[in-house]
2 protein chains.
Amino acid sequence: MAKAKDPRVCSVARSLEVVGEKWALLAVREVFLGNRRFEEMVRRTGAPRDTLAARLRSLVEGGILERRRYAEHPERFEYFLTGPGFDLYPVITALREWGDKYLAGPDGPPLLVEHRCGNRLRSRLVCEACGEPIGAGSTRFPSLSASD
Amino acid sequence: MAKAKDPRVCSVARSLEVVGEKWALLAVREVFLGNRRFEEMVRRTGAPRDTLAARLRSLVEGGILERRRYAEHPERFEYFLTGPGFDLYPVITALREWGDKYLAGPDGPPLLVEHRCGNRLRSRLVCEACGEPIGAGSTRFPSLSASD
DNA sequence: TAGGGTGCATCCAGATTTTGGACTTACTCG
DNA sequence: CGAGTAAGTCCAAAATCTGGATGCACCCTA
């Protein structure tokens, strides 16, 4: 069965439709770091202005960012994280940690992150129910048949 | 200072250079789900063949996947996760959970994931050092100056 | 041994995106 | 007055993505 094209219905795929593009996620990163303005984002992400403008539009449309006017006349805008945008924190953190681990140069991770507790941040994914760590081996997909 | 273009040196950006593309991450997802062959990945991701072929090449080159021959003569290959590839699990999980939360249709999350403990998987990010949850508000960037 | 199916890959041409630089507009500052 | 800033937009060239067709080397079955 399942002969022809049959793309998986999947939350990963859906998420990637909204934030699965380099400049989109880097824009979100900037907002997390406190840079809310277009010019600053261009500078710190390195994105082409057109591309960044398009991404910001679609992030606003997708409900990840909110665009607020902070000046009239020359109309000027800032971007803020919405609730859903805020919840992208684990995605960004996971990507940062992966990069810290596998792509750091000899100088080590380029951006130091410190947890409230005072230690350098290293994160772990745990199950909300039982508190045990989650890894690729500790999860099952009960709805998947063998051919999936 | 920091007048002109000055893209941030950043692990998030570096990670996105390697896996920051929809089809790349969906290919990795398929391998996590146990689908290791090209044809199957085309089918389940919906990616164009050429694009998927290019992504697989770059994932192999980037050390995320390993390409192993499983048949000679008609040479046939399978893709396996390397160590670094395996460590992308938190990235995929974070994306899936975000999608489950914000993009699920009326039927709820399309793919059920169950933790070893028997509960439906909901993950939480905690600090390895102190065990407390990590959120956008609980981390600091000691190396960042005000203008960053 | 012909016919049909599978699996990986490549070629192509057209459509879409991305890119960087120049430009616009309306201020503010010195 | 001239320079600078901010948030874009405009543009044309370059790069990339896309889907369909094609090739190839098997395997299986009748």
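Chain letters run A, B, ... following the sequence lines, proteins first, then strands; residues in each count from 1.
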Could you state the CZ-P distance from R69(A) to dA26(C), rounded to the nearest angstrom? 15 Å

Between dA7(D) atom C1' and E78(A) atom CD, what is the distance in whole Å? 12 Å

Does R43(A) make a cation-pi contact with F38(A), if we ask for NZ or CZ under 6.0 Å from the ring centre and within 45° of the axis? no

May I have the distance from Y70(B) (atom OH) to dA9(C) (atom C1'), rounded to whole angstrom? 13 Å

From CD of E39(B) across to P of dC26(D) the rounded distance in Å is 18 Å

Lys/Arg-Asp/Glu bridge criterion (N-O < 4.0 Å) met for R55(A), E21(A): yes

Taking atom types as they are modelled, is there a donor-acceptor pair under 3.5 Å from the base of dG7(C) to the side chain of R37(B)? no

Please encode protein proximity along nucleotides 17-23 of chain C as a string of B, S and -, counting only heavy-atom distances under 4.0 Å. -SBB-B-

Those residues that, when tested against Y89(B), pass ring-ring contact (aromatic ring centres under 6.0 Å, His included) (two or more places apart): F32(B)

Run the side chain to side chain donor-acceptor pair (under 3.5 Å) test against R120(A) and tell me which residues pass, sequence neighbours left out. none

Quick check on dT10(C): is either OP1 or OP2 less than 4.0 Å from any side-chain nitrogen or oxygen of R57(B)? yes

Please state whether the phosphate of dG8(D), meaning OP1 or OP2, lies under 4.0 angstrom from any side-chain nitrogen or oxygen of Y79(A). yes

Do F77(B) and M41(B) share a hydrophobic cluster, counting only Ile, Leu, Val, Met, Phe, Trp and Tyr and linking them when any side-chain heavy atoms are less than 4.5 Å apart? no

Just the rounded figure in Å: distance from P of dT18(D) to CG of L26(B). 11 Å

Regarding F77(A), tell me which of base, sugar-phosphate or nothing describes its non-hydrogen contacts under 4.0 Å with the strands shown. sugar-phosphate

Taking the six-membered ring of F80(A), is the NZ or CZ of R68(A) close enough (under 6.0 Å from the centre) and on axis enough (within 45°)? yes

Face-on cation placement of R37(A) at Y70(A) ring, 6.0 Å and 45° thresholds: yes

Length of the line joining R76(A):CZ and dT24(C):P, which is rounded to integer Å: 16 Å

Could you state the CD-P distance from E40(A) to dA7(D), rounded to the nearest angstrom? 9 Å

For M41(B) and dG7(C), what is the distance between atoms CE and C1' respectively, to the nearest whole Å? 13 Å

